[in-house]
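The structure appears below as structure tokens.
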There are 2 protein chains.
Amino acid sequence: MDKTPDVESQSLGRAPLESAEKLRTALRHGVFFLRRMDNTRELTSQQISLMSMLTDGGVRMTTIAANLGVRTPTATQSVDRLMKSGLVERQPDPADARAVLVKLTRRGHNVIAAEDRHRNEVVAKVLARLDDKELAALDAAMPVLEKLASPRGGMTGEHQPRPGVRRD
Amino acid sequence: MDKTPDVESQSLGRAPLESAEKLRTALRHGVFFLRRMDNTRELTSQQISLMSMLTDGGVRMTTIAANLGVRTPTATQSVDRLMKSGLVERQPDPADARAVLVKLTRRGHNVIAAEDRHRNEVVAKVLARLDDKELAALDAAMPVLEKLASPRGGMTGEHQPRPGVRRD
DNA sequence: TATCCATAGTTAGTTAAGCTAACTTATTCT
DNA sequence: AGAATAAGTTAGCTTAACTAACTATGGATA
């Protein structure tokens, strides 16, 4: 949708384009940072995200997919893998026979807790190298990042996760 | 109670753990944000990262891999795909017959430029919804994020990209 | 100089994580 | 009751990682 640059694009001509460039690379590097942390332990970031949302009880497949921003088959698949590792289990939803509730197993609970703790410690150790000013800057930016990243505040009215392929 | 302000001695027991938690989720959501932007156009973030480093001339496979933080087979593979799309090409390195120089094709140049412009505009549009204070906060945090994410400032003396598999 | 080891890339095979399309089973709505 | 909708799964494909094993070139050194 190439909307002709009307009203608010005037506010766009300024710094934002530079900031956008910087933000993009910073985020990209942030991804690397997260990923670099992925080794050493047995779970990927995706798996952590998924399991983290199960700590308070069973969650439906559809909800999982929506929260992760992926399609349901992807959620099914991820859950399958975690099930094979004995970290989560499926249960019928008493409220709806079509639906499924995904829950952490006992072991899943332990694993996610330990993993979370470990990662926080690792990040904390890195944060410890920052001086107070830098830490404050980071802290101040966090809610802004959250706001940007939230589906609502972000962009993309619909969520439309990924194109998959489309080779040309 | 707690919150003993004697700074650097134990350093780790205090706030950092909370900040770490927040940072981790913020970054994770940032990833979603980036990914949500991936549709609509024909390149993935990885491909953009790769192509971006070729804008100034041919780059060796090994260098590409190192810059992306992946192993060489992964770089080979990614380059293969981009080659199939006609966006990059391989050339022998005159300085070393074992090596290969990966370059953007004419079309690759055009595509990466357009893509970059487009993404900056999209992000800028989102940034435009922030007030000055929020924008300033983001701006202030950017260098800190960069510092964290840089291989040196980050962690992991060696780079050791990802565990790949390790099924149990 | 001839051998030996290190370096640059590729190939093969595996996994995780996405997607769409098509399908089954329940639920809901008219 | 019958049609439409919603929840999940299955199948088949792509991208992006990894390791292990290989080829070929470049350097070192005995």
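Residue numbering restarts at 1 for every chain, and letters A, B, ... go by the order of the sequence lines.
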Most 5' of A:Arg81 and B:Arg90 on DNA chain C, judged by nearest nucleotide:
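Result of the comparison: B:Arg90.
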
side-chain contact (heavy atoms from CB on, under 4.5 Å) partners of [X], counting only residues at least two apart:
| X | value |
| --- | --- |
| A:Lys84 | none |
| B:Glu134 | A:Val144, A:Lys147, B:Leu130, B:Asp131 |
| A:Val79 | A:Leu50, A:Met61, A:Ile64, A:Val88, A:Arg90, A:Val102 |
| B:Asn110 | none |

B:Lys22 atom NZ, neighbour heavy-atom count above 12 within 6.0 Å
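More than 12 within 6.0 Å, yes.
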
Specify the separation, in whole Å, of atom [atom1] of [X] and atom [atom2] of [N].
| X | N | atom1 | atom2 | answer |
| --- | --- | --- | --- | --- |
| A:Gln47 | C:dA16 | CD | C1' | 8 Å |
| A:Met51 | C:dA17 | CE | P | 12 Å |
| A:Ile48 | C:dA16 | CD1 | C1' | 15 Å |
| B:Leu68 | D:dT15 | CG | C1' | 14 Å |
| A:Asp93 | D:dG8 | CG | P | 8 Å |
| A:Ile64 | C:dA17 | CD1 | C1' | 15 Å |
| A:Arg60 | C:dT25 | CZ | P | 19 Å |
| A:Met83 | D:dG8 | CE | C1' | 13 Å |

Check DNA chain D against residues 95-102 of chain B and give the residues with a non-hydrogen atom under 4.0 Å, in numerical order.
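Only B:Asp96, B:Ala97, B:Arg98 qualify.
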
Just jot down the salt bridge (Lys or Arg N to Asp or Glu O under 4.0 Å) partners of A:Arg117, sequence neighbours excluded, or say none.
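Partners of A:Arg117 by the salt bridge (Lys or Arg N to Asp or Glu O under 4.0 Å) criterion come out as none, since no residue qualifies.
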
Just by modelled atom types, is the B:His118 backbone N or O under 3.5 Å from a matching donor or acceptor in the B:Glu121 side chain?
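A pair under 3.5 Å: no.
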
Output the residues of residues 72-79 of chain A in contact with DNA chain C, where contact means a heavy atom of the residue under 4.0 Å from an atom of the strand; sort by number or write none.
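Per residue number, the list reads A:Pro73, A:Thr74, A:Gln77.
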
Pairs satisfying side chain to side chain donor-acceptor pair (under 3.5 Å), at least one member in residues 51-62 of chain B, at least two apart:
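Every pair satisfying side chain to side chain donor-acceptor pair (under 3.5 Å) with a residue in residues 51-62 of chain B: B:Arg60-B:Asp93.
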
Axis deviation across the helix from C:dT1-D:dA30 to C:dT30-D:dA1, five-pair ends, to the nearest 10°:
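Taking five pairs per end, the axes differ by 0°.
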
If the condition is side chain to side chain donor-acceptor pair (under 3.5 Å), which residues does B:Glu21 pass it with, not counting sequence neighbours?
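Expected list: A:Asn120.
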
Output all residues satisfying side chain to side chain donor-acceptor pair (under 3.5 Å) with A:Arg81, sequence neighbours left out; order by chain, then residue number.
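Result, side chain to side chain donor-acceptor pair (under 3.5 Å) vs A:Arg81: none returned.
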
Does the side chain of A:Arg71 get closer than 4.0 angstrom to OP1 or OP2 of C:dT20 through an N or O atom?
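Checking C:dT20 against A:Arg71, a side-chain N or O does come within under 4.0 Å of OP1 or OP2.
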
Any salt bridge linking B:Glu115 with B:Arg119? Criterion: basic side-chain nitrogen under 4.0 Å from a carboxylate oxygen.
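Here B:Glu115 pairs with B:Arg119 in a salt bridge, since their nearest N and O are under 4.0 Å apart.
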
Which of the following nucleotides, C:dT10, D:dA16, C:dT20, is nearest to the side chain of B:Met61?
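The answer is C:dT10.
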
